[in-house]
Every structure is written in structure tokens, then in C-alpha cells.
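All ligand and atom numbering here is 1-based and tracks the order in the structure. All values derive from a computational prediction rather than experimental measurement.
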Amino acid sequence: MKTIGQLSEALRLREVSSVELVQDALARIAVAQPRFNAFITVDADAALAAARDADAARARGEAGALTGIPIAHKDVLMTAGMRTTCGSRMLAEFVAPYDAHVVTRLRDAGTVLVGKTNMDEFAMGSSNESSYFGPARNPWNPAHIPGGSSGGSAAAIAAALVPGTTGTDTGGSIRQPAAMCGITGIKPTYGLCSRYGLVAFASSLDTPGVFARDALGCALLLDAMAGHDARDSTSLDRPPEDRSRALRESATAKPLAGLRIGLPREYFGDGVDAAVAGAIDTALGALRALGATTVDIGLPAVKHSVPVYYVIAPAEASSNLSRFDGVRYGHRAGHYTDLADMYCRSRAEGFGAEVKRRILVGTYVLSHGYYDAYYLKAQQVRRLIAQDFARAYRDCDVIVGPTAPTAAFPIGAKTDDPVQMYLNDIFTIAANLTGSPALSIPCGCTADGLPIGLQIQGNHFEEARILNVAHRFQQATDWHLRTPPGVESAVRKGGP
Ligand code: GLN
């Protein structure tokens with residue numbers, strides 16, 4: 001499976017056309033869909049038309065690095081004319097009248113949209129099992145989860161269906177599935193990519209980001225996607241950055257010389273699977289060999305991130321999801337007695353169990369008499385967590401540890417125990433609470449052949465730095481180039 005960088009070069013040299021790449025992607029998706037269920041919607045005609053446009057733009061000399069690259073969007077991002085379901089019955093037939101800002105930006109950069117990827121309902125989950133359209137499956141072992149909530153976006157790359165996808169990360173939904181599927185995924189700084197046209201889950205945490213095989217691919221997509229948008233009041237107005245340029249500079253013998261890696265005690269304790277701990281240890285050895293030094297740090301308040309998140313995220317969700325009332329958007333019950341009954345039935349039928357659980361929790365923690373005890377307290381602890389990170393970044397440049405405590409678990413293993421499911425995000429949530437960037441790269445695999453992810457976190461706006469650390473690691477290792485058994489044989493000559 002070629003990377004975005006390699007495909008971009010092949011397109012530039014006219015070794016392949018965008019139409020050929022898209023035809024190949026469509027053929028692979030047709031074969032893979034029954035096995036992995038990575039997509040909710042595929043629009044072959046629109047994709048081929050966009051690919052022809054991309055090839056024509058190239059012929060006119062108007063091509064950029066991403067012109068003609070097939071991609072897919074998580075089905076939480078609005079795409080004009082292509083349905084946006086959010087993995088929910090509520091929006092199963094919803095067609096947005098406009099594009100999300102990040103969708104427009106990637107379209108303007110010349111990427112070709114092939115379809116929309118499977119996800120947990122309203123991005124609530126860590127396993128893709130809450131999707132109304134059935135779970136996506138892990139290409140490394142289809143009996144296992146691909147991670148979530150952006151499970152389809154991660155599975156689509158691991159299965160070599162497309163070289164790049166978008167995701168959103170509210171508590172880990174890019175990094176955790178990237179880890180489970182053995183690919184690279186980055187959640188940028190909150191505010192770097194606009195939330196306009198992203199179906200809101202928890203607005204103070206929701207962050208659009210990207211997946212690719214490698215850090216360079218992520219950098220190319222992120223550069224195209226980031227940028228100010230006046231329609232999102234939290235969108236940041238910053239000068240554009242070329243995050244892929246530093247990655248393209250040739251490596252010295254010690255490309256990470258001078259880099260101080262912080263190792264939080266809290267990320268290396270009990271509860272981390274032995275195979276995961278071993279792979280992280282080996283990866284740290286590789287990073288030291290590239291010139292980095294490691295320093296032990298403490299993030300004492302981080303142990304509260306899961307409870308803090310599961311107050312704040314449901315609180316915001318309960319408010320955001322009130323718009324789905326059977327009138328303005330989506331599903332409306334077929335039979336009802338009066339207006340209140342119509343609201344109740346539409347929401348009862350349209351939402352699945354996990355979404356209802358979050359709405360109930362969120363409504364509870366915001367209600368009179370409980371607000372101070374839960375919501376206000378959670379916001380205060382959120383600040384303490386942010387202070388821990390600010391303090392840590394005086395002693396180190398990046399923070400490294402496992403992305404998740406275990407590799408992908410079997411489908412069904414945690415569906416009856418929401419708390420176990422929530423604990424899967426123990427290492428990813430803090431970056432959402434603080435708004436800082438973080439990524440996951442593959443760094444090993446279990447005895448059963450399931451991928452293990454390494455998380456690299458940075459201070460606000462340090463995307464270029466964490467991408468560079470990931471890139472130098474990937475130049476020295478080949479975990480990111482490995483493909484699941486059977487996937488290689490599906491690769492057609494000349495394809496991605
Ligand atoms: N797994 C977390 C949750 O269920 C995070 C989801 C996300 O990042 N969208 O809320």
C-alpha cells in the first residue's frame with residue numbers, strides 16, 4: 001500500500017492518474033465492504049467525476065501535492081449532496097445542504113472524496129459497535145474492533161482502501177482507532193481546524209483531524225485542512241504552516257538530538273497490557289537511538305481525566321443533541337398523539353442506547369442541585385489537568401506513552417460494561433481536556449498480530465514537532481508499512 005507521499009509523487013510523474021487511483025479504490029472497497037464494513041456511503045459517480053477534474057487540473061498545470069488523492073470523510077462531517085448519517089438512525093437519510101469547512105478545504109486542495117466512513121453513533125464510543133449501520137471490523141482480525149469512534153476511517157486505511165481519511169477526536173477517537181488498526185492519526189490543537197459542519201458531540205472537545213499510513217501523509221492532509229473559519233467562533237486565526245517541509249528534510253544521524261521526551265509515571269503503571277508496555281519500551285529505545293533523551297515526569301491530576309470527561313462530554317452532548325427533535329432534523333416517528341409525544345417517540349426511535357445513556361447523564365449533571373457538584377467540579381479539575389501539562393512542558397518537549405492500555409479487543413467484549421469501554425480512553429482524553437495536539441503511530445504488535453500504538457503529545461500548536469518525531473521514528477522502523485494478512489494480495493498492480 002503506497003503512502004500519500006508516494007501516490008502524490010506517482011501522480012506528479014504521471015505514472016498513474018487520479019481516475020485510475022479512484023477506480024482501484026472503488027474496486028477494493030467493493031471487495032472489502034462485506035468483511036470490514038468500513039464505509040456507510042460510497043459515491044462512485046461523484047468520485048470518478050472529481051477524479052477526472054483532478055486529472056484535468058493537473059493537465060493544466062494546476063496540481064498541488066494532494067490533487068487527485070482519493071480520501072474518505074468520517075460520516076460526522078457534512079458533505080453537500082452526500083448523506084451524513086453520524087452513524088445514527090436519527091440521520092440515516094440526512095443530506096446536508098453544505099460542506100463542513102474542513103471538507104471544503106480538502107476538496108479545494110484537490111482530494112477526491114470517495115465516500116463516508118463508519119463510526120460510533122454521534123461519535124460516542126471506542127469500538128465502532130454503537131453504529132446504527134453495524135460495527136466496522138478490524139482488518140488485522142475482523143473478529144476484533146477497529147477502535148472508535150472513527151473506526152471506519154482507520155479500518156479503511158489499514159485495509160488499503162484509501163490512503164487518507166478524516167476523523168474527529170473528542171476523547172481519543174482518532175488516536176485510539178489509529179492504534180488499534182496500526183496506522184497514523186493526529187488530533188491537532190483545538191481550534192486549528194474548524195468545527196463548522198461537524199455534527200456537534202461535545203463542542204469544547206471536538207477536534208477534526210486526519211489518518212494516513214504515515215506522519216508525512218498526516219502532515220499533508222492537516223496542512224490542507226487547517227485554517228481560520230469565521231463561522232466557528234473557536235477557530236483560530238493563525239498564519240498558515242508548512243508542516244510537511246521539515247519532514248522532507250533529509251535525516252541526520254541523530255535527527256532527534258536535543259529532544260526531551262517526558263515519560264509520565266501515570267502512563268506506565270498497572271493496567272497496561274504487558275505486550276503494550278514491551279512495545280512502548282522498545283519504541284523508546286529507538287527514539288533514544290535517534291538522539292532523544294527521556295525524563296520522568298508526573299501528571300498527578302491525569303488520573304481524574306476519565307471521570308472529568310464523562311461529566312463534561314455528556315453535559316455538552318445533552319445540550320447539542322436537543323436539536324434532534326423530529327422537526328428540524330432527521331427521523332420523525334410515524335405515529336404519535338401530540339407534539340410532546342412526537343418529540344419523545346422520534347428521539348426514542350432515532351437514538352441508540354449509548355446516545356441515550358449520555359443524554360441522561362448529561363442532563364443529570366447539569367440539573368439544578370447537581371451542577372456545582374458535578375459539572376462545575378469537573379471544569380475545575382479540567383483546569384488542574386491543564387496545569388499539570390503546562391508544568392510538565394517546562395521539563396520536556398513532548399510526552400510519550402501508550403495510546404491505549406490494550407490492543408484491539410474482540411467485538412462484543414465490552415458492550416455490556418460501559419465503564420470498561422470508557423477506560424479504554426484513559427491515555428487519550430487528557431489532550432482533549434487541555435486542547436493540545438497528540439498523535440498515534442504504530443510501534444509493535446501483540447503475539448496475536450494485533451497492532452500497538454505509541455502516543456506522542458505536544459504543547460499547543462506543536463503539531464510540526466510531534467509529526468517530526470513520528471516521522472523520524474518511521475524512517476527508522478517499518479511498523480507503519482505493515483499490512484494486515486490478506487490485504488497485500490488484494491492490491492492490484494499499480495494501485496495504491
Ligand atoms: N471514546 C470516547 C467516547 O466514547 C471518545 C469519543 C470521541 O473521541 N469521539 O466518548
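- Nearest to atom 7 (C) of ligand 1 by heavy-atom distance, out of A313, G148, P177, S173, is S173.
- Salt-bridge annotation for D388 and R391: present, with a side-chain N of the basic residue lying under 4.0 Å from a carboxylate O of the acidic one.
- Side-chain atoms of T168 and K74 include a donor-acceptor pair closer than 3.5 Å.
- F427 pairs in a side-chain contact (heavy atoms from CB on, under 4.5 Å) with only one of the listed residues (E266, Q455, R175), which is Q455.
- In this pair, Y329 and F324 present their aromatic rings tilted. The plane angle is within the 30 to 60° band.
- For Y310, the OH atom sits in a packed shell: over 12 heavy atoms of surrounding residues, nucleotides or ligands are nearer than 6.0 Å.
- Of the polar atoms of K74, none of the N or O atoms is found under 3.5 Å from an N or O of ligand 1, judged by distance alone.
- Heavy-atom contacts of G125 reach the following atoms of ligand 1: 1 (N), 2 (C), 3 (C), 4 (O), 6 (C) (cutoff under 4.0 Å).
- For the ligand labelled ligand 1, residue Y309 lies inside the 4.0 Å heavy-atom shell.
- Only the side chain of F201 comes within 4.0 Å of ligand 1, counting heavy atoms alone; its backbone N, CA, C and O stay farther away.
- The part of Y310 lying near ligand 1 is the side chain, judged by heavy-atom distances below 4.0 Å.
- Remark: the backbone N or O of T434 is paired with a side-chain donor or acceptor of H460 at under 3.5 angstrom.
- Residue G171 approaches ligand 1 through these ligand atoms, each under 4.0 Å from one of its heavy atoms: 5 (C), 7 (C), 8 (O).
- Residue-level proximity to ligand 1 for R358 is carried by the side chain, the only part with a heavy atom below 4.0 angstrom.
- Atom numbering of ligand 1 starts at 1 in the shown order; those under 4.0 Å from a heavy atom of S149 are 9 (N).
- When non-hydrogen atoms are compared, ligand 1 lies under 4.0 Å from the side chain of D425 (C-beta onward) but not from its backbone.
- The only option from Q387, Q380, Q379 that meets the side-chain contact (heavy atoms from CB on, under 4.5 Å) definition with R383 turns out to be Q387.
- Residues D75 and K116 are paired through a salt bridge, judged by an N-O separation under 4.0 Å between the basic side chain and the carboxylate.
- Every atom of ligand 1 with a heavy atom of A123 under 4.0 Å away is listed here by number and element: 6 (C), 7 (C), 9 (N).
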